[in-house]
Amino acid sequence: MSSIGLQAEPSYGVPGKKRWAMVIDLRRCIGCMACVAACKAEYDVPLGVWRTTVRVKDTGSFPNTRRNFMPRLCNHCDNPPCVRNCPTAATYKHEDGFVLQRYERCIGCRTCIAACPYNARFMLPRNRTRVGINSVVDKCTFCEHRVSQGLVPACVQTCIGRSRIFGDINDPNSEVAKIVATQKTTTLKPEKGTKPQVYYIKPDRVGTEQVLSAPESYAARSDAEAFYRHNNGSRFFGGTL
Amino acid sequence: MQADKFVIPADMAPVKRHEKDTDVLRAQAGLYAFLGRCLEAEVDAALLSTLRGPLCKPLEELGVDLGDDVRSGDPLAVLADLGEEFAALFVVPGAVLPYRSAYETGRLFQPQADLATAAYRDAGFEFRNTLSGEFSDHAAVMLAFVGRLLERQVEAAETGDAEAATGWQRRREHFLQHQMGGWIIGWSRRARTCARHPFYRAILGLTEQVVWADICDIVDEKALQRLVKANRRPLMRQKTDHEFRKASGL
Amino acid sequence: MGHIKNIQTNRRGFLKLGASATAAGAALASTRLVAMEYDLGGADFSAVTGEKRTAVPYTCMACNIEDGGIAMVENGRIVKLEGNMDHPNTRGKLCAKGNSGFLHVYDPDRIMSPLLRTGKRGEGKWKRISYDEATSLLAEKLRAVIDRSREANDPSILNEMVVKWGRNRTGGGLDRFMHALGSNALINHTNICESSKKVGLEPSWGPDIESCDWANTKYILNFGSNVLESAYFMNPNAQRLVDGVVGNNAKIVSFDVRLSNTAGYSHEWFAPYPGTDSAIALAMAHVIMTEGLHDRDFIRDWTNVTEAQLLTHLAPYTPEFAEEESGVPAKDIRRIAREFATTKPATTFSYRGPCKHLWGAYQEAAIHMLNVITGNIEKKGGYCLPRGMGWPQPSPNPPKGAAPSVIAAPPLYPLASHHVSTNAPYMIMRGEAKVSVWMSYYDNPVYSYPSSHVWDAFLRDESLAPFTVSFSCYMSESTELVDLIIPDVTYLERHDPESMPSGLYPCLSIRQPVIKPLGGTQEFRQTMIDVIHKVDPDGALGIRKYFEFESVEDWMRQHFDNIPGLKEEGGWDHMKKVGVWPVYGKVSKDDGKLVDDNGDEIVAEYGLHTAEIPASAMAGAVVEPDGRITKDGATIGVQINGKNHTGFGTPSRKIEIYKESFRTYGFNPLPVYKRLPSRDKKPAEMILTTFKVNVHTQSRTASLKYLAEIYHKNPAWISPARAKALGIADGDLVRITSSLGYMVTRAHLTEGIHPEVVAISTACGHSGYGRLATLKHKDADAEWALGGDPDITNNVWWDDKGVHPNPIIRLSIDPIGGSQAWFDTVVTVTPAQPGDTYGDTNVSVEESMKDYEETLRYAYTGDLHRAAHQEVDVDWNNLPHPAASDGH
């Protein structure tokens, strides 16, 4: 049972240490949204915030139109700016690579939300169905409670296209390690120096950019407007139109 | 009337009282049994005749108006009307569901129901539904339970077993405060605004008064304020609890 | 109005009331709180969290794919759903709908007890009754019909007992119920689904669907199917389509009027004019045959047509002709035909765009034929027969009713072997059929049918449907209107045997109560038993004997404990533990294939039609001159090149490209292209089509919050070029007008649609299904004052629930397969008029009745049918007389 240091050192490439990572093969993502539903169910994630989301974007013009899907989640960076910026050390780095949250220490200052270049973090609303944790910051935990029991994360478990692959990238025999070693993969915003540990196979340029792009169609904009009327300071990631 | 604002009326300041008079306790037991029966199931011929019979005058003296038809209308028509109202208020989708689970979580059969079942068992009772869709955390069953606890207390007092009587009282007070106090007032207020028949408006009004008065007897000012808040909808911000630490991974 | 005195100042008065109540004693006793009869001995469950979850296998029914699932139970409650790794087709995955299904169970809007209407139909006034009372009432109504039938000695009266279902996964239970009662009036929903696809396939090769070997194919021709989002069998097929494209370098080409997710994923996408798929498919067949790219041997050995026949038939279907009709360039049609024919293995898939048109069965037959002439049938990586498993029915099994039911099998649609359910209300309104008891099971026609307002009018009319019952546990638009509701439980709380041919590995799965039915609700199977026992209490009517089950579990045992192989492994008890049988192997972590303990792939069987008839079975059999092998009057196979094969499920045991059954009624026995009336619309008009999305079914999913958050509104898809010409900008309010009236919705401009088409999805614009689906959760209206789940009460951020298009969609029936022509509605799209508000819908029942008259003209006895089929070699003056049959 690994010990949990409060601010563990980055573990990528460190012998004897685990470094959990995910590969998302965008050739396989079909935008079915099973991962979004499974994650919401697993964690009683409230409406209006997302631990994982799938962006949808059409490119080209008729009749050469294509549809692109871009699943996104916390990258569990090896050099996480959120951890560095948290004034209370509520968000912390686990020695196996997870970036996690100690809810009881969170004062809701939102510095981490601003620091994250991927908009992966969100503020929990005051109300939710089952879990008694509200009004503090939360995000994807790479399903640490499942991984520590030998199960893959919920989104990986349900992924219909087998687009999400999860494993210890420090283990050369793991699928994620093999893929990253042998195939062309991209991470998001590598220039920020965050060392993100979610690797994408074959993203279009439009894919990596669309992660944070503003909604374009009226349908998406009107949903975003309805969202922002309802949620102050949260980022809108819903919608498929 | 704004159903979601709940303020302690000035003339309902808490008064501590520890009742020893078995006559009073017995009467209280009857009161709870009455309210429970009225809300637990549709009004039937037996209940109607009790309302028109022995309970008629006491209700009148309290200014309780159950409606002209209940007082003197054609029994079959009254029972049909009241049955329709019962279904609309408590049963049909869109109803003001009378379950603690539904009030506090918006879903049926949540751990609140387990807690009620456990409390009943602990006292030697069991919940058994007669029609489908009934759960142990039903407001009416809880009211009936309080009535039974009062009865047990009276029995114990009358056989001279003071320790047992105190035990029953403690159980009752704990149940009232922890399993009813945080929601049943808000619920009965809410249901009352939705009720169309004077009968249910009256019974729900009585319920609110009776339960709140007993809670004021039991609970201190600070706890009362907490209960008032809890009865409001939507739920307010929750304080830190063990879930935080568990989910933190430490 | 009473003013209750204050308790603090009138305590004595309250106590007086209490004393009187005490004196009343038993009259006020609770009947729910009873003395405990058992010892306390150990708690049932602990309220402490952290308890390990129990995993219970079940089968999903969020849609109709029936994936194997595992439900996670914590503290006695279902908290999570996952796919069952042991189900060979599901492979442990569930889609978004399957993941969200547990939300149905504890939904406060679920109907938890039987309800009897007290006010007018649809008024919303109910009385709560017990299951006992409810089943007694239904039994009484049914018995009245049976008594009348016996008295008049007229079995056709029994058909006044009607059941209309949307989804029936009772594994024979509902059929048993109706046939025991003596009725043949069982009507499904299939004609709004894919009935013309089935009728395009069944006469050709036997079964009603294909099973593509996606994972091993090299080329996929997709006609109008959106398998990555919906269609049969979305989850298993989508998994394997991705495996094929990414893992096996398969190419996929899609023909769809709209850029679905499947079309958007394809290597090439073409948008043909709606209803021109068969022109394209036949042109491809033309290219393949004329260029000699076909499989000569297969056509010769396994079909009932010759090369010469096909070449003659296909001669007019040039790629140029297809381009003229469809708009797809001839050069592409030619190229893709060649690619399809020369890339091995290859397959088509066509669920369900091509068949939902007038004459849709031809479209399906044309596409199906492409696989036949290229010899891809039952090949690894090809177009395969579906593989399901059956189960024995408990004995005795009731025979069908004695009299045919005209609403179940309308005589004017003799080839429509999957009913024409859309026509039922029209037939009844015109007095062609009589109804006494209308039972509705897992169905919501007031929402999901074309001209849905006609169903609303029908169900409200007590003279047309004197007594109506719904078994739904949700207050849908249809259930709101009935007289009696006897609620079923959710799919996580009931018993069923289950098998779907959702992949190449046939298997059985079960449904079982993951938790005890909530709050003492009762599953429909038990309701059927109770009703039958009350209809025929002493068995004197000869009905009860078909339902002598001690319990529902007993019924399940009679299914599962009698299946060879499964019986030895423990039958029903084994199924309860494992959920699936057989378990073929494990899912490989590397590539998702099914592997054995050594890691070797468990290869599916192929070439099922070539299975040899063993010598023992050939004893006493005769080989007819035409090759059929017959024994004791039945055809058991076909002899080809000296070998005895089981063949296909057709009279000749070969693939019957030429369908004599079609010709009999004046339909073309070979696949043809017929130019649709909608093809000749005015230039200013457009064609309205509908579609499904990956997170919704027709109806029930609208109330599931995770799914509604992803998709809650359905604006009309329209191309920017067309919109500009109409003066419409993205997001503008528009009026869409058909011959029935109009609707007002918003435009959604997209490059992903044919310029002549406007597309609106299903699943939105509900007026039933509880707080979330209708967004009433925030209303101050006292009726909704309690609010629900705090997440729903506070966090729902969207305010648009969409507008439903079905009211403006005309009834129009393919006379061959019976399908509703969903994709032929001619409309005009204009900017909204002053005074129009979003959601306005204004349609006419009278106009809809005219549609029924019009569509009958295309039925085989109609004038428009004859005019459109002059080429068919049939005696038009001696067509078979419309006869009632016993239907499907």
Side-chain angles (χ1 to χ4, degrees), chain A residues 25 27-42 44-49 54 56 58-69 125-130 154 157-163 175 216-219 221-223 226-231 236 238-241, chain C residues 79-83 92-100 102 228-229 235 238-239 242-243 245-246 259 261 264-265 269-271 589-590 592 693-695 705-707 709-711 713 715 719 721 730-731 746-753 755 789-800:
Chain A
D25 187 347
R27 298 168 303 173
R28 288 185 160 267
C29 177
I30 57 171
C32 73
M33 309 289 168
C35 54
V36 178
C39 177
K40 289 245 171 179
E42 185 76 25
D44 185 37
V45 180
L47 301 173
V49 291
V54 180
V56 183
D58 284 0
T59 50
S61 34
F62 184 83
N64 300 309
T65 325
R66 283 217 67 162
R67 184 157 296 140
N68 308 278
F69 300 108
R126 270 183 279 154
N127 298 281
R128 62 200 290 194
T129 304
R130 192 163 48 88
Q157 195 281 331
T158 200
C159 178
I160 286 186
R162 277 189 307 113
S163 161
E175 213 186 331
E216 288 176 4
S217 68
Y218 174 88
R221 279 195 334 262
S222 59
D223 258 2
F227 178 86
Y228 290 125
R229 275 198 295 276
H230 193 276
N231 294 289
F236 177 60
T240 59
L241 291 169
Chain C
V79 289
K80 186 85 169 22
L81 301 173
E82 286 183 3
K93 315 278 179 188
L94 288 182
C95 74
K97 305 186 296 295
N99 269 292
S100 307
F102 69 97
L228 295 182
E229 293 193 69
N235 176 2
Q239 292 182 38
V242 174
D243 284 345
V245 167
V246 180
L259 191 81
N261 286 2
Y265 184 83
W269 167 54
F270 297 96
K589 284 198 178 129
D590 298 323
V693 295
N694 50 17
V695 294
K705 60 182 182 178
Y706 300 146
L707 304 176
E709 179 172 48
I710 294 168
Y711 195 95
K713 63 189 184 182
S719 82
D730 189 24
R746 289 201 185 275
H748 173 68
L749 270 52
T750 169
E751 296 289 346
I753 190 144
D789 179 349
D791 192 24
I792 293 177
T793 309
N794 296 287
N795 299 328
V796 171
W797 48 266
W798 60 97
D799 53 14
D800 187 345

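Throughout, protein chains are lettered first and strands after them, A, B, ... in sequence-line order, and every chain is numbered starting at 1.
To the nearest 0.5 Å, atoms OG1 (A:T240) and OH (C:Y711) are separated by 6.0 Å. Rounded to the nearest 0.5 Å, atoms CG (A:N127) and CD1 (C:I792) are 12.0 Å apart. Atom CG of residue A:D58 and atom OG1 of residue C:T750 lie 5.0 Å apart, to the nearest 0.5 angstrom. Going from atom CG of C:L228 over to atom SG of A:C32 covers 9.0 Å, rounded to the nearest 0.5 Å. Atoms CG and CG, on C:N795 and A:N231 in that order, are 7.5 Å from each other to the nearest 0.5 Å. Distance CH2/C:W798 to OG/A:S222: 14.0 Å, rounded to 0.5 Å.
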Checklist entry - After noting the C-alpha distance and the side-chain angles of C:N99 and A:T158, does the key distance pass the side-chain hydrogen bond (donor to acceptor under 3.5 Å, both in side chains) rule? => result CA-CA 8 Å; C:N99 269 292; A:T158 200; 2.9 Å; yes

Item to check | side chain to side chain contact (heavy atoms under 4.5 Å, CB included) evaluation trace for C:K713 with A:D223 | outcome: CA-CA 10 Å; C:K713 63 189 184 182; A:D223 258 2; 3.3 Å; yes

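Taking all atoms of both residues into account, the shortest heavy-atom contact from A:A219 to C:H748 is CB-ND1, 3.8 Å. Taking all atoms of both residues into account, the shortest heavy-atom contact from C:Y706 to A:A37 is CD1-O, 4.2 Å. Residues C:K80 and A:A154 come closest through the heavy atom pair NZ-CB, 4.0 Å. Across every non-hydrogen atom of C:K93 and A:Q157, the tightest pair is NZ-O, 3.2 Å. Scanning all heavy atoms of the two residues, the minimum distance from C:K705 to A:L47 falls at O-CD2, 3.9 Å. Closest approach of A:I30 to C:A238, counting heavy atoms only: CD1-CB, 3.8 Å.
Contact count against chain C (heavy-atom pairs under 4.5 Å) is highest for A:A38 among A:P63, A:A226, A:A38.
The closest side-chain heavy-atom distance from C:V245 to A:R28 is not below 4.5 Å. Residues A:R126 and C:N794 form no side-chain contact, since every pair of their non-hydrogen atoms from C-beta on lies 4.5 Å or further apart.
C:Q239 places no side-chain N or O within donor-acceptor distance of the main-chain N or O of A:I160, the cut-off being under 3.5 Å.
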